[in-house]
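Read the numbers this way: they start at 1 and go in the same order the structure lists the ligands and their atoms. Since this is a predicted model, take the numbers as computed values, not measurements.
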Amino acid sequence: MAVREIVKLPDNRLRLKSEPVKRIDSSIRKLVDDLFETMYDAPGIGLAAIQIGVPKRVITMDLSKKEDDHKPQVFINPEITWTSKETSKYEEGCLSIPEYYEEVERPAQVKVKYLDLDGKAHEIEASGLLATCLQHEIDHTDGVLFIDHISKLKRDRVIKKFAKAAKKVEA
Ligand code: K1U
Ligand code: ZN
């Protein structure tokens, strides 16, 4: 297991569409271990494989509140099969856009189908933080960031800020 570097804005890899997992083998199990290690270290409540530079449709999540009561969840090839008309707002953050938080409006409930680590297919109906986090992470697998759901003015401002910071590091 290893804590991997998190890919940050303005890295273009965040805009890649990730590939579906064809076979759940030892490389996928190692990827999942590294995602959890990196997510808990950050700390974060979710992480998509592209955020550690791996363009595969794999997501980890842990929405448990207590630090000593982990509830790790893995979603392989997750797909949204239904979204509610009702929406909800949540102030989202992203480990790839550190220290930036903004309210995002998304469908309040979603149905998601996915594979677990044994390759077993599941379909769940999610609401609350699980629905928000699933949509945020599935967006990552499609190269979409939460800032794509806010106003252009705010998005351009945050992109500019991170581009400027990256240039400073380069120089
Ligand atoms: O995908 C990511 O970058 C992870 C992100 C997930 C997320 C947060 C909020 C709404 C939707 C999706 C994070 O985990 S940001 C950090 C965070 O929310 C958090 C960190 C420590 C404790 C509690 C929350
Ligand atoms: Zn994110």
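Considering both main-chain and side-chain atoms, His136 comes within under 3.5 Å of ligand 1 through a nitrogen or oxygen pair. Note: an N/O pair closer than 3.5 Å links Glu137 and ligand 1 by distance alone. Backbone and side-chain nitrogen or oxygen atoms of Gly44 are examined, and none is located within less than 3.5 angstrom of a nitrogen or oxygen of ligand 1.
When the shell of 6.0 Å around NZ of Lys8 is examined, it contains more than 12 heavy atoms from other residues, nucleotides or ligands.
Aromatic pair Tyr40/His70: centroids less than 6.0 angstrom apart.
With hydrogens and angles disregarded, a donor-acceptor distance shorter than 3.5 Å links the side chain of Ser64 to the backbone of Asp69. Judged purely by atom type and a 3.5 angstrom limit, Asp34 has no side-chain atom pairing as donor or acceptor with the backbone of Glu37. For Asp142 (side chain) and Val144 (main-chain N/O), no donor-acceptor pair under 3.5 Å exists by modelled atom type.
Counting only heavy atoms from C-beta outward, the side chains of His149 and Glu105 never approach each other to under 4.5 Å.
Considering only non-hydrogen atoms, atom 24 (C) of ligand 1 lies nearest to Ile45 out of Leu47, Leu14, Ile45. Taking only non-hydrogen atoms, the option from Pro43, Gly93, Ala48 nearest to atom 16 (C) of ligand 1 is Pro43.
Heavy-atom proximity to Gly46, at under 4.0 Å, picks out these atoms of ligand 1: 1 (O), 2 (C), 4 (C), 14 (O). Listed by number with element, the atoms of ligand 1 under 4.0 angstrom from any heavy atom of His140 are 1 (O), 3 (O). Heavy-atom contacts of Gln51 reach the following atoms of ligand 1: 1 (O), 2 (C), 3 (O) (cutoff under 4.0 Å). Contact atoms of ligand 1 toward Cys94: 3 (O), 15 (S) (distance under 4.0 Å to a heavy atom of the residue).
Side-chain N/O atoms of Arg4 and Thr38 include no donor and acceptor closer than 3.5 Å.
The protein heavy atom nearest to atom 10 (C) of ligand 1 is Glu92 CG, 3.7 Å.
Put simply, atom 2 (C) of ligand 1 has protein non-hydrogen atoms near it, under 4.0 Å away.
The cluster map of Ile, Leu, Val, Met, Phe, Trp and Tyr, joined by side-chain heavy atoms under 4.5 Å apart, puts Val32 and Phe75 in different clusters. Neither Ile28 nor Ile59 shares a network with the other; the hydrophobic side chains, linked directly or stepwise wherever heavy atoms of I, L, V, M, F, W or Y lie under 4.5 Å apart, form separate groups for each.
Legend: protein N/O/S atoms lying under 2.8 Å from the Zn ion (ligand 2), waters omitted, number 3.
Classification of the His140-His136 ring pair by plane angle, with boundaries at 30° and 60°, yields perpendicular.
Under a 4.5 Å side-chain heavy-atom criterion applied to ILVMFWY residues, the cluster that includes Val158 comprises Val7, Leu9, Leu14, Ile97, Tyr100, Val104, Leu145, Phe146, Ile147, Ile150, Ile159, Phe162 as well.
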